[in-house]
Number of protein chains: 2
Amino acid sequence: MSKYWSDIVSRLTPYTPGEQPKDKILLKLNTNENPYSPSSEVLDAIKLSTKASLRLYPDPESINLKEALANYHNLSKANIFIGNGSDEILAFIFQALLNKEAPVLFPDITYSFYPAYCSLYDIKYKRIPLDKKLNINLEDYLINNGGIIFPNPNAPTGIPKSVVDIENLLQLNQESVVVIDEAYVDFGTESAVKLINQYKNLVITQSFSKSRSLAGIRLGCAFANEDLIEALNRIKNSFNSYPIDRLAQVAGVKAIQDENYFNLTRIKIIEARKFLEKELLLIDFEVLSSGANFIFTRHKSKDAIIIFNKLREAGVLVRHFNEPERISQFLRITIGTMEDMQKLISILKAVL
Amino acid sequence: MSKYWSDIVSRLTPYTPGEQPKDKILLKLNTNENPYSPSSEVLDAIKLSTKASLRLYPDPESINLKEALANYHNLSKANIFIGNGSDEILAFIFQALLNKEAPVLFPDITYSFYPAYCSLYDIKYKRIPLDKKLNINLEDYLINNGGIIFPNPNAPTGIPKSVVDIENLLQLNQESVVVIDEAYVDFGTESAVKLINQYKNLVITQSFSKSRSLAGIRLGCAFANEDLIEALNRIKNSFNSYPIDRLAQVAGVKAIQDENYFNLTRIKIIEARKFLEKELLLIDFEVLSSGANFIFTRHKSKDAIIIFNKLREAGVLVRHFNEPERISQFLRITIGTMEDMQKLISILKAVL
């Protein structure tokens with residue numbers, strides 16, 4: 001606290017990311033990173049661009065990357081926004097599109113950065129409880145609101161909503177923006193990108209951190225009607241003209257273009273998730289149905305914090321959330337390679 | 001305009017960066033980039049880090065880079081903040097430290113992103129006119145204020161203030177934050193970093209884009225008392241936990257450590273500036289005294305826009321500002337290599 005701080009600084013409740021351990025860890029399964037390297041085409045393209053031209057500013061509009069994404073998703077470049085990770089884009093969305101008179105709505109159990117953005121921009125919000133099975137019930141969102149946002153699949157539960165349900169919500173909620181945070185969509189959840197041209201109030205965010213194996217490079221994108229993209233551009237150009245560096249731009253283009261590698265790795269992860277689910281059930285865990293590269297699970301009799309700590313001692317890092325109390329017995333486990341999951345199961349068996 | 005926009009979006013006046021031409025340009029002297037490649041140690045370090053570990057999130061605290069900067073400037077890591085370009089840091093500073101009851105003060109002719117930040121965060125500001133010779137007169141800032149910010153050297157004039165003058169201001173203005181934007185400081189202006197431990201209300205921002213030849217990588221830093229750094233961290237952690245990617249972090253460390261290359265290139269640029277100043281005087285230009293990697297100059301009889309356009313036709317890009325009217329006869333010219341400056345002079349002679 002200091003007399004030099006603006007009022008806003010004191011009121012903030014910053015987001016706490018998962019631990020990035022400095023010491024050696026046997027299995028890092030706590031921040032939903034991809035177990036596979038980025039595509040070799042991505043690595044080669046970065047190396048080729050690591051040259052004298054790094055002295056020059058990057059393209060402030062990331063046009064080549066927008067073009068690659070436009071081709072991939074069958075959209076126009078004007079429907080696309082690029083950010084320094086999807087977290088930056090979500091911040092811009094809260095500031096540009098969710099800061100209204102009525103409260104923005106999001107699930108009570110969801111990505112915990114959403115309330116942090118609300119405190120940053122002084123935005124009113126209302127948490128809508130998940131149902132008893134920890135599902136998002138979209139009928140509960142049909143109330144007065146200044147916008148709706150949820151991840152699909154939801155985090156940390158991993159449970160997906162269908163595009164039919166999302167389209168139904170869009171038809172019944174046309175007066176405010178609906179944001180679908182698709183950070184984990186590529187691991188078996190259906191994307192709503194196909195609805196972008198039909199609904200003027202739909203925004204979809206995606207990340208290169210998970211399914212494109214590029215958490216280390218910071219890259220995200222959003223899709224929406226061009227009026228909404230224009231709002232994000234206005235914020236961006238009042239904040240930082242050149243948010244995406246030259247290497248991230250070429251990495252992003254190649255990551256989108258190398259579709260074979262993308263499909264190969266995400267299918268392997270989906271298979272490893274199915275294996276893990278099956279094995280966990282055998283040792284008395286309950287597992288929520290996941291459309292993500294993680295699962296949310298609780299043991300029928302053993303305490304989550306005890307399991308968490310024993311795994312930590314054995315060199316296995318998973319994620320535990322103290323709050324809210326409803327999920328305090330759950331652990332969120334990132335899906336690694338099949339070998340990672342086999343190791344995890346054998347350590348879990350020893351621990352239990 | 002769209003009914004889905006927040007009020008803030010409509011009121012914004014985004015910053016317009018200098019043109020990043022898509023076509024081939026003979027001499028690009030419009031955005032103050034460094035004419036020299038980044039250090040080969042920087043390029044090698046980026047290539048070495050371009051590997052499977054890009055699948056993992058970067059260190060959210062950029063500790064290695066803070067350590068390199070702490071050693072270099074003889075500061076503690078707690079005095080250092082790292083951002084995705086110094087523009088991002090300036091945005092955080094406006095939000096965290098300059099958003100007060102009283103207006104923030106900055107020169108009427110200065111970096112035009114400052115009023116854009118004020119519109120983004122709804123901050124009151126007052127422009128303090130430069131004196132007749134386009135100098136910042138710091139006595140004019142000794143009025144009720146919610147903070148003071150100016151670049152040193154100033155942009156686009158290039159004119160530096162002495163550290164004695166800055167210290168005098170700090171002694172007379174202790175109730176609000178004083179921000180010195182040192183984006184161009186390494187080209188012959190004295191840095192105020194040595195005052196960080198003495199003044200609790202001093203913030204200094206620096207950039208890797210200019211003197212470290214890394215405009216393409218997006219990296220900036222700030223130095224201040226740890227209470228002020230804590231305010232910036234709280235904003236950052238409510239906005240984007242991982243703003244600096246893995247490659248930028250290693251690039252930054254090597255750029256700071258390769259001091260020989262840094263000194264070699266900035267001295268060459270200072271020499272090329274002196275050459276350009278001398279030559280311009282010979283062909284009837286007036287040149288403001290510069291402590292930056294650019295000069296601000298006007299011809300005694302020829303119109304600036306005509307010169308600008310003729311240079312553009314000859315493949316030479318410089319920067320012209322229409323506003324305010326007081327500087328509409330000036331051109332801002334980035335300093336390149338000695339050969340670039342010789343080419344420029346011979347083209348200018350032909351053009352005039």
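Every chain is numbered from 1 and lettered A, B, ... according to where its sequence line falls, protein lines coming before strand lines. Fair warning: this is a prediction, and the values are worked out from it, not measured in the lab.
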Let me have the donor-acceptor pairs involving side chains of residues 86-98 of chain B, under 3.5 Å, with sequence neighbours excluded, atom names and distances please.
| from | atom 1 | to | atom 2 | distance (Å) |
| --- | --- | --- | --- | --- |
| Asp87(B) | OD1 | Tyr111(B) | OH | 2.6 |
| Asp87(B) | OD2 | Tyr111(B) | OH | 3.1 |
| Glu88(B) | OE1 | Asn84(B) | N | 3.0 |

Donor-acceptor list for residues 40-55 of chain A side chains, cut-off 3.5 Å, not counting sequence neighbours:
| from | atom 1 | to | atom 2 | distance (Å) |
| --- | --- | --- | --- | --- |
| Ser49(A) | OG | Ala45(A) | O | 3.3 |
| Thr50(A) | OG1 | Ile46(A) | O | 2.8 |
| Arg55(A) | NH1 | Asn34(B) | O | 2.9 |

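Contacts with chain A were tallied for Phe208(B), Tyr121(B), Tyr117(B); Tyr117(B) has the most, counting heavy-atom pairs under 4.5 Å. Highest contact tally toward chain A, considering only Leu214(B), Asn201(B), Leu219(B), Leu228(B), is held by Asn201(B) [criterion: heavy-atom pairs under 4.5 Å]. Ranked by heavy-atom pairs shorter than 4.5 Å toward chain B, the options Ala116(A), Gly83(A), Pro14(A), Pro115(A) are led by Pro14(A). Counting heavy-atom pairs closer than 4.5 Å to chain B, the top-ranked of the candidates Ala248(A), Ser176(A), Gly147(A) is Ser176(A). Residue with the most contacts toward chain B among Leu12(A), Val177(A), Asp227(A), Asn99(A): Leu12(A) (heavy-atom pairs, distance under 4.5 Å). Your options are Gln249(B), Arg218(B), Glu230(B), Glu61(B), and the one with the most heavy-atom pairs under 4.5 Å with chain A is Arg218(B). Here Arg234(B) is the residue among Lys200(B), Arg234(B), Arg246(B), Lys236(B) with the most heavy-atom pairs under 4.5 Å with chain A. Ranked by heavy-atom pairs under 4.5 Å with chain B, the list Thr13(A), Leu56(A), Ile63(A) is led by Leu56(A). Between chain A and the residues Ser209(B), Gly146(B), Ala251(B), Gly85(B), the largest count of heavy-atom pairs under 4.5 Å involves Ser209(B). Residue with the most contacts toward chain B among Ile8(A), Asn225(A), Ile244(A): Ile8(A) (heavy-atom pairs, distance under 4.5 Å).
Only the side chain of Pro60(A) comes within contact range of chain B, judged by heavy atoms closer than 4.5 Å. Proximity to chain B is absent for every atom of Glu101(A), based on heavy atoms less than 4.5 angstrom apart. When heavy atoms are compared at a cutoff of 4.5 Å, Asp59(A) approaches chain B solely by way of its side chain, counted from C-beta outward. For a residue to count as touching a neighbouring chain, one of its non-hydrogen atoms must lie under 4.5 Å from one of that chain's; by this rule Tyr57(A) touches chain B with backbone and side chain alike. For Glu175(B), the parts lying under 4.5 angstrom from a heavy atom of chain A are both the backbone and the side chain.
A distance of 10.0 Å separates CG of Leu232(B) from CH2 of Trp5(A), quoted to the nearest 0.5 Å. If you take OG1 on Thr337(B) and NZ on Lys268(B), they are separated by 9.0 Å, rounding to the nearest 0.5 Å.
Under the 4.5 Å side-chain criterion, counting only non-hydrogen atoms from C-beta, Asn237(B) is not in contact with Tyr15(A). Lys210(B) is listed as a side-chain neighbour of Phe187(B), based on a closest heavy-atom distance under 4.5 Å.
Using a distance-only test at 3.5 Å, with no hydrogens or angles considered, a donor-acceptor pair links the side chain of Arg11(B) to the main chain of Ser119(B). Formation of a donor-acceptor pair under 3.5 Å by the Asn79(B) side chain with backbone atoms of Ala224(B) is found in this model. Under the 3.5 Å distance criterion, the side-chain polar atoms of Asp258(A) are left unmatched by any main-chain donor or acceptor of Lys254(A).
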